[in-house]
Amino acid sequence: MIKKIIEAIKNNKSFLITSHMSLEGDALGSELALCLLLKKLKKKVVVYNNDATPFIYKFLPAINFIKNKLANRHFDIGIVTDCSDISRTGKVKDHFNKVNFIINIDHHISNTYFGDINWVDSKASSTCQMLYKLFHKFKIMDKQIALCLYTGIFTDTGSFKYANTNSQSHRIVSDLLSYGITPHKIDEQLSSLCAPQDLHFIGKVLSVLKFDEHKKICWVKLKRWREHDYDLTEVIFSILRLLRGVEVFVLFKKVDKNKIRVNFRSRSTIDVNKVAQFFGGGGHKCASGTTIEDTLENAENKVISFIRKYTNGFVKQN
């Protein structure tokens with residue numbers, strides 16, 4: 001697949017790059033790294049996203065190249081990074097009807113293979129880890145590209161704590177560090193994200209946690225998911241992961257009338273992608289999500305009931 005992508009890049013002139021809605025480090029890192037690569041190759045490139053860039057990622061190079069509005073234009077190639085389904089690009093998907101060819105680069109196990117070229121590796125920790133191989137083939141790397149790729153790997157591995165972290169992740173990061181990026185400064189940028197009112201909100205979330213009878217499932221339902229400068233979903237999950245013995249974490253967020261966003265996280269044993277797929281969503285084995293059109297209470301009952309049945313064998317063995 002890498003050879004086909006290299007040929008497509010060499011043989012075309014204009015490129016439209018995007019990623020999924022609700023942007024995070026791997027989405028932004030992968031599309032910006034590709035943008036920098038294409039510019040070095042003297043290509044015409046536009047990065048166009050459905051959502052605004054979260055403020056904590058403003059330190060990334062080439063961030064000013066990102067557009068949230070785009071006039072009707074034709075592109076030779078459309079590249080979608082870190083996105084399991086073209087529908088998850090939001091309004092951007094309409095512009096992909098005007099490209100000649102779509103390249104899909106992703107590491108989600110639930111990827112729908114929507115591209116003309118599909119480079120999908122569910123064993124990779126992140127899309128940025130995959131892209132490192134592409135840059136190696138082009139023999140193109142510098143501090144800016146290394147910063148983008150490092151940020152994607154860092155965020156998608158949970159600061160190298162998640163089960164998707166592997167020896168290849170560390171080998172790649174070791175090489176990226178040789179280009180002069182500073183991990184402690186990146187961590188400061190990504191970790192210093194809460195205002196006092198955010199911590200107050202998180203405190204309320206923690207006060208209404210629920211558990212199953214075996215203390216293997218932990219969940220919380222929020223009747224009002226308030227807007228923040230930054231999506232606090234991962235912050236909440238990072239705190240929940242401190243709970244000893246819990247295997248599955250679920251966050252129910254009412255985002256509209258009878259529209260519930262459900263996020264799943266797990267440790268290495270339970271595959272929450274299968275849970276999310278049952279309810280029309282998807283993602284990774286340890287991190288997935290879906291949207292359910294129902295009341296908050298009904299969504300909670302259906303999902304937790306399914307997880308109880310799905311994890312029953314594990315609970316009995318442990």
Q.
Quick check for you: to the nearest 0.5 Å, what is the distance between Asn263 atom CG and Leu251 atom CG?
A. 5.5 Å
Q. Only one of Ile270, Ile307, Val303, Val246 clears side chain to side chain contact (heavy atoms under 4.5 Å, CB included) with Ile217; which?
A. Ile307
Q: Following the transitive rule for hydrophobic clusters with a side-chain heavy-atom cut-off under 4.5 Å over Ile, Leu, Val, Met, Phe, Trp and Tyr, establish whether Leu37 and Ile117 coincide in one cluster.
A: yes
Q: Look only at the side chain of Asp106 and the backbone of Val120, and say whether a donor-acceptor pair between them is shorter than 3.5 Å.
A: no
Q: Determine, step by step, whether Met1 and Asp121 satisfy the side-chain contact (heavy atoms from CB on, under 4.5 Å) criterion, reporting the C-alpha distance in whole Å, the side-chain angles of both residues, the deciding distance to 0.1 Å, and the verdict.
A: CA-CA 11 Å; Met1 287 301 170; Asp121 182 2; over 6 Å; no
**Q.** Minimum heavy-atom distance between Ser110 and Ser84, given as atom pair plus value
**A.** OG-CB, 3.8 Å
(Q) Counting neighbours of NZ on Lys67 that are heavy atoms of other residues, nucleotides or ligands and sit closer than 6.0 Å, is the number greater than 12? (A) no
Q: Evaluate the ring planes of His108 and His284, with Trp represented by its six-membered ring, and classify them as parallel (under 30°), tilted (30 to 60°) or perpendicular (over 60°).
A: parallel
(Q) Salt bridge check, Lys302 against Asp294: does any charged N sit closer than 4.0 Å to a carboxylate O? (A) yes
Q | Asn273 side-chain N/O to Gly283 backbone N/O, donor-acceptor pair under 3.5 Å | A | yes
Q.
For the CG atom of Leu41 and the CD1 atom of Ile140, what is their distance to the nearest 0.5 Å?
A. 4.0 Å
Q) Under 3.5 Å, is there a donor-acceptor pair between the side chain of Arg267 and the main chain of Val248? A) no
Q. Any side-chain heavy atom of Leu240 within less than 4.5 Å of one from Trp219?
A. no
Q) Between Phe101 and Leu16, is there a shared hydrophobic cluster once you connect ILVMFWY residues whose side-chain heavy atoms come closer than 4.5 Å? A) no
(Q) Could you measure the distance from the OG1 atom of Thr151 to the CG atom of Leu32? Nearest 0.5 Å is fine. (A) 9.5 Å
Q) In terms of heavy-atom contacts, does NE2 of His200 have more than 12 from other residues, nucleotides or ligands at under 6.0 Å? A) no
(Q) His170: which residues meet the ring-ring contact (aromatic ring centres under 6.0 Å, His included) condition with it, sequence neighbours left out? (A) Phe160
Q) Which residue, Thr81, Thr127, Thr18, Asn49, forms the side-chain hydrogen bond (donor to acceptor under 3.5 Å, both in side chains) with Glu31? A) Asn49
Q) Considering only heavy atoms from C-beta outward, does the side chain of Leu176 approach that of Met141 to under 4.5 Å? A) yes
Q: Under the side-chain contact (heavy atoms from CB on, under 4.5 Å) rule, what do Trp119 and Leu131 come out as? Steps first, then yes or no, please.
A: CA-CA 10 Å; Trp119 180 22; Leu131 283 176; 4.3 Å; yes
Q: Please examine the side chains of Ser30 and Ile105, heavy atoms only from C-beta on, and report whether any two atoms are closer than 4.5 Å.
A: no
Q) To the nearest 0.5 Å, how far apart are OG1 in Thr291 and NZ in Lys253? A) 9.0 Å
Q. Would a distance-only check, ignoring hydrogens and angles, find a side-chain to backbone donor-acceptor pair under 3.5 Å from Ser122 to Ile109?
A. no
Q | Spacing of Glu247 atom CD and Cys286 atom SG [to the nearest 0.5 Å] | A | 10.0 Å
Q. Which class fits the ring pair Phe279 and Phe306: parallel under 30°, tilted 30 to 60°, perpendicular over 60°?
A. perpendicular
Q | Donor-acceptor pair between Gln129 and Asp156 side chains, under 3.5 angstrom | A | no
Q: Taking the side chain as every heavy atom from C-beta outward, state whether Leu28 and Ile66 have any pair of such atoms under 4.5 Å apart.
A: yes
Q. Is a side-chain N or O of Asn50 found less than 3.5 angstrom from the main chain of Lys91, in a donor-acceptor match?
A. yes
Q. Which heavy atom of Ile17 sits nearest a heavy atom of Cys35, and at what distance?
A. CD1-N, 3.8 Å
Q | Nearest atoms (heavy-atom pairs only) where Ser22 meets Asp51 | A | N-OD2, 2.6 Å
Q. Are Asp26 and His107 close enough that some pair of their side-chain heavy atoms sits under 4.5 Å apart?
A. yes
Q) Do the non-hydrogen side-chain atoms of Glu297 and Lys221 ever get within less than 4.5 Å of each other? A) yes
Q.
Is any side-chain heavy atom of Phe249 closer than 4.5 Å to one of Ser266?
A. no
Q. Taking all non-hydrogen atoms of both residues, which atom of Tyr310 and which atom of Lys274 are closest, and how far apart?
A. OH-CD, 3.4 Å
Q) How far apart are the C-alpha atoms of Ser125 and Ile153, what are their side-chain angles, what is the distance that settles it, and do they pass the side-chain contact (heavy atoms from CB on, under 4.5 Å) test? A) CA-CA 7 Å; Ser125 72; Ile153 298 171; 4.2 Å; yes
Q.
Hydrophobic cluster membership, with links at side-chain heavy-atom distances under 4.5 Å among I/L/V/M/F/W/Y: are Ile172 and Tyr162 in one?
A. no
**Q.** Donor-acceptor under 3.5 Å (Asp198 side chain, Ala195 main chain)
**A.** yes
Q. Is there a side-chain contact between Phe65 and Lys39, using heavy atoms and a 4.5 Å cut-off?
A. yes
(Q) Quick one about Asp187 and Ser191 (side-chain donor to acceptor, distance below 3.5 Å, no hydrogens or angles considered), yes or no? (A) yes
Q) What residues form a side chain to side chain donor-acceptor pair (under 3.5 Å) with His20, not counting sequence neighbours? A) Glu24, Asp82
Q.
Looking only at the side chains, is there a donor atom on one of Asn118 and Asn111 sitting less than 3.5 Å from an acceptor on the other?
A. no
(Q) How close do Gly25 and Thr155 get, counting heavy atoms only, and between which atoms? (A) CA-OG1, 3.4 Å
Q | Under 3.5 Å: donor-acceptor pair, side chain of Lys43, backbone of Lys10 | A | yes
Q: Could you pull out the closest heavy-atom pair between His95 and Asn72, with the gap in Å?
A: CE1-OD1, 4.1 Å
Q | Shared hydrophobic cluster, Leu177 / Phe154 (ILVMFWY, side-chain heavy atoms < 4.5 Å) | A | yes
Q | Distance (rounded to the nearest 0.5 Å) between Cys218 SG and Ile304 CD1 | A | 9.0 Å
Q: Could you tell me whether the side chains of His136 and Asp175 share a donor-acceptor contact shorter than 3.5 Å?
A: no
Q | Test side-chain contact (heavy atoms from CB on, under 4.5 Å) applied to Tyr150 and Val173, step by step | A | CA-CA 6 Å; Tyr150 178 92; Val173 163; 3.6 Å; yes
Q: Establish whether Phe15 and Ile86 are linked, either directly or via other cluster members, by ILVMFWY side-chain heavy-atom contacts under 4.5 Å.
A: no
